[in-house]
Amino acid sequence: MASIIGAALPYSSPEKTITSSLYSDESDSNPVDAVIFAGTSLVLGTACRQLFNGTRVPYTVVLLVIGIVLGSLEYGTKHNLGKIGNGIRIWNDINPDLLLAVFLPALLFESSFSMDVHQIKRCMGQMVLLAGPGVLISTFCLGALIKLTFPYNWDWKTSLLLGGLLGATDPVAVVALLKELGASKKMTTLIDGESLMNDGVSVVVFQLFFKMVMGQNSDWGSIIKFLVQNSLGAVGIGLAFGIASVIWLKFVFNDTVVQITVTLSVSYFAYYTAQEWAGVSGILTVMILGMFFAAFARTAVKGESHQSLHHFWEMAAYIANTLVFILSGVIIAEGVLSGRRISYKGISWGFLFLLYLYVQLSRCVVVGVLYPLLCRFGYGLDWKESIILTWSGLRGAVSLSLALSVKQSSGNLYLSSETGTRFLFFTGGIVFLTLVVNGSTTQLLLHFLRMDTLTASKKRILEYTKCEMMNTALKAFENLGDDEELGSADWPTVTRHVSSLKDLERGHVNPYNGYEAGNIDPRNIMDMRIRFLYGVQAAYWEMLDDGRITRSTANVLMQSVDEAVDLVSTNSLCDWRGLEPCVHFPNYNKFLQSRIIPRKLVTRLIVERLESACYISSAFLRAHRIARQQLHDFLGNSDVASTVISESEVEGVEAKQFLEDVRDSFPQVLSVLKTRQVTHYVLNHLNGYIKNLEKVGLLEGKEVSHLQDVVQSDLKKLLRNPPLLKLPNIEDFIASNPLLKDRPSFRSLATGETHS
């Protein structure tokens, strides 16, 4: 925000200068006291998170209340908090640029990095509508209502500034509740994705009106230039940093610390480059960067490192949220108790509640105006979902951070201290009210709309899982119930302490038995297809960790599952459909056959394409085989399971035939691929064996490090210089292999025809 907040101000507020002078004379505070406040905030926040876990009270509301209490004790009791009070005052005077640069990259990167990319693609049209025209409609509705009804004599620019500031939604509480209640994934993705995108758009709109409020040029040419520069510039910088960091991560091998540090440093460096150097939106830049990571770097970090990376960013966002909400509460209390600048004839609290009604009204207008279009994009939107979408427009950390920056930048010719404090008061109040009212009543609204009930298929699978849990517990008791050292255990006591075992007498019942093959509920089939496909996707992840497939192959396979999940309601299993173009040779083969391209390069491209097709086909067959076995073990020979298993077997026919053709005509390809897989698997197995020896105490740290270095070195060599297939002459290669001439996938290589 340097280009806006850092604009030259004619003079500083005399009151702020006097207050700062008095504070420096009377206080013996140490800058280190700021650490005490941060530590105290995190301790209180952690305690409240644990205390209110499982309740309807939103955690962020508790944080805001804690901040108000701390601020009230410090500013309302004449400095009775000692060192903590000194820390509060230091944080209260934090520079607005520093505030945004510290908190917002962590909050926005974590949100965008954790998004489901496929769902984002499908919902992109809806999110663009809500985050583009939706934010503008909301801003102008709020700005007009504030200008016409509020008694503070604000001009249009100031009123629209507050309207733009309140445009950034933060539905953390609602999204968490929707996931907990099992709401549709498209609903949670739409709400979360809209919030993410309109954070970036709202900040750009906020910056525009802040620039106008601070007296800078505001003709239409400069406005359009500002919007285009901020939007396109931010997208370009975000993509550039994303590409560079993903390339960097490809050279990082099994080093979680380096992988986490790369994402952390790149997010903050991208924000600084955009905001301070290029003069564009740093927030939009970080959002683009995070979404790029989610799309192209999810397979670059594997296994435990992948989990560690997500856990780190969850922790970083949690810390940022905790400090932002507590600090906002402190500053709200300071504005009310110390300056009392928010009062206007004693009815400012009434205007706060009026503003809350305006916020809800503007949200209704946005969803209502855009509803015809929202129904036609992405997954569509029904009337029940539109109500939840309207009610989920909560405000949170981004709005508070922007309000804090306005407050800290006030006290000059263009923006008075009273206006800055009112901005923070109204924003903090709206955040509080939306979290308390909207956040805590969403569950009741879901229940009223009957959107929180489990479908019949989910109830069936839940009941069946309970039966399986009982059988699993019995097997565990048989293994552990009696031993040489302690003797036998008391089974009745065990059942009293394990709630899932109390209905043991009910026995094992398969809820999917009793259906005729032609009378199976389509919803049960659809639900089981989705579970089967997620099992296939989990098998792909396991194969990636084991080294059976490459990162690029994993991305293709994952995408095929995502696309197939969208079609389960109208089609049988069809994830092979998305893989066929990767197995068939592309339409540019005719160009490859021309004499323009060097023969050796053509041969290499063909062999690499053939290797990739073999990787995809073999991984597809293996993943389906694993998922079929898991489904059979779970549901047995039920009609639902048999139907889905039959669909899976049909799906694998073409992949199996393809590999048989390759084995008959060019077995060297499969031999090389299998050699790579076995080598990678053996090295991974040795690495696990070393860790197990350390775990049981047979190896010490130095010995483990030495052995792991040897294995890791071999793994790096394997990835950088894998066993290669000897490249034959292109004409001999085609002539000697009937597969390339007889099969449609490859006939074009020999004839120059294209495959449709």
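Computed from a prediction, not measured in an experiment: that's the story for all the values here. These values consider heavy atoms only, across backbone and side chains, with no hydrogens, waters or symmetry-generated copies.
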Review point. How far apart are the C-alpha atoms of Arg676 and Val672, what are their side-chain angles, what is the distance that settles it, and do they pass the side-chain contact (heavy atoms from CB on, under 4.5 Å) test?
Key: CA-CA 6 Å; Arg676 294 178 192 171; Val672 169; 3.7 Å; yes
**Study point:** CD-OG distance between Glu580 and Ser617, expressed to the nearest 0.5 angstrom
**Key:** 10.0 Å
**Study point:** Check: Phe292 and Ile243 side chains under 4.5 Å, non-hydrogen atoms
**Key:** yes
**Study point:** Backbone of Leu389 reached by a side-chain donor or acceptor of Ser392 within 3.5 Å
**Key:** yes
Point to revise | Audit row: Gln119, Asp562, side-chain contact (heavy atoms from CB on, under 4.5 Å) steps and yes/no | key: CA-CA 8 Å; Gln119 296 279 337; Asp562 290 333; over 6 Å; no
Exercise for review: Taking all non-hydrogen atoms of both residues into account, name the closest pair between Leu557 and Leu579 and its distance.
Suggested key: CD2-CD1, 3.8 Å
Point to revise | Ser386 side chain vs Trp383 backbone, donor-acceptor pair below 3.5 Å | key: yes
Point to revise | Exercise: identify the closest heavy-atom pair between Cys574 and Leu567 | key: SG-CD1, 3.7 Å
Review point. Would Trp576 and Ser560 count as a side-chain contact (heavy atoms from CB on, under 4.5 Å) if you check the C-alpha gap in whole Å, the side-chain angles of each, and the deciding distance to 0.1 Å?
Key: CA-CA 7 Å; Trp576 177 253; Ser560 71; over 6 Å; no
Point to revise | Pro372 backbone acceptor or donor facing Arg376 side chain under 3.5 Å | key: yes
Check your understanding: Heavy atoms, side chains only, cut-off 4.5 Å: are Thr679 and Asp714 in contact?
Key -> no
Study note, to complete from the structure: Smallest heavy-atom separation, Arg628 atom then Ser648 atom, equals NH1-OG, 2.9 Å
Check your understanding: At what distance, to the nearest 0.5 angstrom, does CG of Asn637 lie from CD1 of Ile645?
Key -> 8.0 Å
Revision key, fill the gap. Correct closest heavy-atom pair for Val556 and Cys582 would be CG1-SG, 3.5 Å
Review point. Hey, are the side chains of His680 and Arg548 touching, using non-hydrogen atoms and a 4.5 Å cut-off?
Key: no
Review point. Taking the side chain from Glu651 and the backbone from Asp575, do they hold a donor-acceptor pair closer than 3.5 Å?
Key: yes
Review point. Which value, rounded to the nearest 0.5 Å, describes the distance between Ile288 atom CD1 and Met197 atom CE?
Key: 7.0 Å
Check your understanding: Any idea how Phe109 and Trp313 line up, ring-wise: parallel (<30°), tilted (30 to 60°), or perpendicular (>60°)?
Key -> tilted
Study note, to complete from the structure: Tightest non-hydrogen contact, residues Phe113 and Leu309, listed as CZ-CD2, 3.5 Å
Practice item. Could you tell me the separation between the OG atom of Ser638 and the CG atom of Leu631, rounded to the nearest 0.5 Å? Key: 7.0 Å
Check your understanding: What distance do Met528 atom CE and Phe634 atom CZ have between them, rounded to the nearest 0.5 Å?
Key -> 7.5 Å
Check your understanding: Should the pair Phe620 and His624 be assigned to parallel (<30°), tilted (30 to 60°) or perpendicular (>60°) ring geometry?
Key -> tilted
Review point. For Asn571 and Arg529, which heavy atoms make the closest approach, and how far apart are they?
Key: O-NH1, 3.0 Å
Exercise for review: For the pair Gln126 (side chain) and Gly380 (backbone), establish whether a donor and an acceptor sit closer than 3.5 Å, ignoring hydrogens and angles.
Suggested key: yes
Check your understanding: Do the side chain of Glu649 and the main chain of Ser646 share a donor and acceptor less than 3.5 angstrom apart?
Key -> no
Review point. Heavy-atom distance under 4.5 Å between the side chains of Glu385 and Tyr379, does that happen here?
Key: no
**Study point:** Contact check, side chains of Ile191 and Ile388, non-hydrogen atoms, under 4.5 Å
**Key:** yes
Check your understanding: Are any non-hydrogen side-chain atoms of Val640 and Asp527 less than 4.5 angstrom apart?
Key -> no
Point to revise | Arg577 side-chain N/O to Glu563 backbone N/O, donor-acceptor pair under 3.5 Å | key: no
Practice item. To the nearest 0.5 angstrom, please state how far the CG atom of Leu381 sits from the CG atom of Leu370. Key: 10.5 Å
Practice item. Start with the C-alpha gap between Asp566 and His118, add the side-chain angles, then the distance that decides, and say whether side-chain contact (heavy atoms from CB on, under 4.5 Å) holds. Key: CA-CA 10 Å; Asp566 290 338; His118 177 72; 2.4 Å; yes
Practice item. Report the C-alpha separation of Asn555 and Gln559 in whole Å, then their side-chain angles, then the decisive distance to 0.1 Å, and conclude whether the side-chain hydrogen bond (donor to acceptor under 3.5 Å, both in side chains) test is met. Key: CA-CA 6 Å; Asn555 283 325; Gln559 183 178 351; over 6 Å; no
Practice item. Indicate yes or no for a side-chain donor-acceptor contact from Asn687 to the backbone of Val711 under 3.5 Å, with no hydrogens or angles considered. Key: no
Review point. Is there side-chain contact between Met543 and Asp546, with heavy atoms separated by less than 4.5 Å?
Key: no
Check your understanding: So do Arg551 and Phe296 actually touch side chain to side chain, heavy atoms under 4.5 Å?
Key -> no
